[in-house]
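Notes follow the structure.
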Amino acid sequence: MANTFNTSTNSCTAPSTKLKKFTPHNHQQQDEASLPGLPDHIAQLCLSFVNPTLLYSVCHSWRRLIYSPSFPPFFSLYALLNHSQSSNSNSNSIEFFNFDPISSTWDLLPPPPPPPLSVILHHPSFISRNFSIQSVSFSQNLVLLAATTHNFSPALSHPLIFNPLSKTWSFGPRLATPRRWCAAGAVRGAVYVASGVGSHFSNDTARALEKWDHDCHGEWKKKSRLKDARYSRDAIDAVGWRGKLCMVNVKAKEGIVYNVDKDEWEEMPEGMLYGWRGPVAAMDEDVMYVVDEAKGALRKYDHERDLWEEIMESEKLRGAQHVAAAAGKLCVVCGENGIVVVDVLASPGRLWVVDLPNGFEALRVHILPRMSRPDFDFPAVPSTSME
């Protein structure tokens with residue numbers, strides 16, 4: 001059975017999606033998609049309360065229904081994958097994939113618009129340095145914000161945005177200061193980038209904070225500056241949590257918090273910083289989870305006691321590099337272990353592995369609504385995911 005992100009019928013849809021009237025392609029599909037004795041719109045309303053995994057396994061017409069634009073979308077996994085077999089460190093080997101938890105297949109996303117995304121991940125002159133691609137989940141979209149080109153310049157002058165429901169790419173407003181090795185995150189319907197460097201180091205860029213609101217026509221706005229340039233040395237995930245952006249340079253063990261309501265930078269609580277020992281994500285911007293990259297321990301932050309409570313420990317979680325949280329699930333990029341999914345709502349917590357397409361390794365993951373696929377027109381790569 002497919003490894004779904006949602007194990008109950010009440011959580012199988014994206015929370016903000018409303019049911020629309022189903023308009024089938026032809027009369028034959030209309031008859032197949034209906035429940036006997038019920039009008040199509042009533043039949044679809046009834047079927048929307050059934051777990052999509054069950055609908056997928058019944059018949060092809062219901063399978064088409066759950067991928068149609070009119071049906072409430074279930075959550076799926078989006079990943080930035082790298083050709084692990086690539087021998088040329090200067091080649092652009094990044095691919096964008098979607099893992100469908102219902103059919104257990106990897107789908108290649110449509111290519112981004114021109115110009116082609118030219119990035120570098122490794123360079124022989126910097127053996128210990130990874131040139132990260134930074135992305136966030138923003139208003140049910142995947143947004144790429146920062147990367148490095150072959151000449152060590154910022155790769156993105158505008159955010160690159162993928163909308164899963166329309167299966168289209170677009171560009172956001174131009175960044176006032178394109179950058180790389182920055183802090184990037186989203187909270188309360190806004191995207192933030194902070195610190196980092198451009199083509200060359202600049203103290204102004206290293207201390208700058210920019211905000212882009214949900215309005216697609218909005219521009220980046222400068223916000224309160226950092227007090228120093230300490231966070232310009234590494235790519236950092238700024239985790240949106242309870243109206244704040246929490247960011248830690250794990251290597252240097254430096255942490256800071258940005259209060260979006262007050263437009264002020266604050267000291268990070270001591271316990272939060274002490275336990276921040278790997279990638280962190282916040283579920284619904286309310287509960288923070290950390291994966292200890294050395295021990296493979298998953299912990300939850302208790303803000304009242306300012307400490308991290310351990311949930312579970314697993315060898316599969318060792319080497320954690322990135323984590324995404326949504327729909328009661330954590331998706332963790334774990335190097336050679338691929339992508340590990342943890343159901344944090346289960347007691348005790350349970351996990352399983354999502355195998356990657358052959359020849360790829362994961363860089364980043366996001367949990368977003370599934371793509372509409374009424375005609376199954378995307379090339380699919382079977383997965384041998386294990387639960």
Side-chain angles (χ1 to χ4, degrees), residues 1-7 12 14 51-53 55-57 60 63-64 66-68 71 73-86 91-112 117 119 121 133 135 137 140-144 160-169 316 320-327 329-343 351-387:
M1 184 174 67
N3 294 324
T4 62
F5 288 102
N6 310 282
T7 56
C12 67
N51 192 309
T53 302
L55 297 179
Y56 183 91
S57 62
H60 197 269
R63 188 174 300 180
R64 285 197 304 268
I66 65 175
Y67 291 107
S68 69
F71 199 77
F74 52 85
F75 284 101
S76 62
L77 187 152
Y78 292 77
L80 280 67
L81 304 184
N82 173 42
H83 287 277
S84 58
Q85 306 301 323
S86 176
S91 65
N92 179 10
S93 57
I94 303 301
E95 299 283 2
F96 302 92
F97 276 87
N98 164 243
F99 178 74
D100 182 342
I102 304 300
S103 62
S104 291
T105 56
W106 286 96
D107 301 321
L108 187 64
L109 269 59
L117 183 62
V119 302
L121 300 175
I133 296 178
S135 57
S137 300
Q140 315 248 346
N141 295 308
L142 168 63
V143 183
L144 272 68
L160 186 57
I161 308 163
F162 180 74
N163 184 312
L165 299 182
S166 65
K167 298 183 296 187
T168 58
W169 291 91
K316 292 184 173 67
Q321 301 166 6
H322 183 245
V323 59
K329 308 293 188 297
L330 297 177
C331 293
V332 190
V333 175
C334 294
E336 295 181 356
N337 289 330
I339 297 175
V340 179
V341 182
V342 184
D343 185 349
L351 59 80
W352 60 90
V353 176
V354 175
D355 292 335
L356 300 175
N358 289 335
F360 284 92
E361 60 182 5
L363 301 175
R364 296 184 68 83
V365 291
H366 297 276
I367 304 173
L368 296 165
R370 62 94 181 102
M371 293 187 293
S372 297
R373 291 176 50 196
D375 299 317
F376 298 93
D377 54 351
F378 278 80
V381 181
S383 173
T384 55
S385 305
M386 300 174 293
E387 184 168 355

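The figures here come from the full heavy-atom set of this structure, side chains too, leaving out hydrogens, waters and symmetry mates.
Taking the side chain as every heavy atom from C-beta outward, I94 and L363 approach each other to under 4.5 Å. F99 is not listed as a side-chain neighbour of I339, based on a closest heavy-atom distance of 4.5 Å or more. At a threshold of 4.5 Å between non-hydrogen side-chain atoms, the residues I133 and L121 count as touching. In this structure, D343 and W352 have side chains that are in contact, with non-hydrogen atoms separated by less than 4.5 Å. Residues K316 and V332 have side chains not in contact (no heavy-atom distance under 4.5 Å, counting atoms from C-beta outward). Using a 4.5 Å heavy-atom cutoff, the side chains of R370 and N98 are not in contact.
D100 and I102 make their closest contact through OD1-N, 2.8 Å (heavy atoms, listed as atom of the first residue, atom of the second, distance). Of all heavy-atom pairs spanning S166 and N163, the tightest one is N-OD1, 3.1 Å. Pairing each heavy atom of S135 with each of L80, the nearest pair is OG-CD1, 4.4 Å. For the residue pair I367 and A325, the shortest heavy atom distance occurs at CD1-C, 4.0 Å. Considering every non-hydrogen atom in both P369 and Q140, the closest pair reads CG-OE1, 2.6 Å. Heavy atoms only, all atoms of each residue included: L81 and A362 are closest at CD2-CA, 3.6 Å.
One distance of note links NZ of K167 with CE of M371; it measures 7.0 Å at 0.5 Å rounding. To the nearest 0.5 Å, atoms CG (L142) and OG (S137) are separated by 6.5 Å. Between atom CG of residue N82 and atom CG of residue L356 there is a gap of 11.0 Å, rounded to the nearest 0.5 Å.
Under the 3.5 Å distance criterion, the side-chain polar atoms of R63 are matched with a main-chain donor or acceptor of Y56. Under the 3.5 Å distance criterion, the side-chain polar atoms of N51 are matched with a main-chain donor or acceptor of T53. The closest donor-acceptor contact from the side chain of H366 to the backbone of A324 lies at 3.5 Å or more, if one exists at all.
Shown are F162, W169, F360, W106; of these, the ring-ring contact (aromatic ring centres under 6.0 Å, His included) with F96 is made only by W169.
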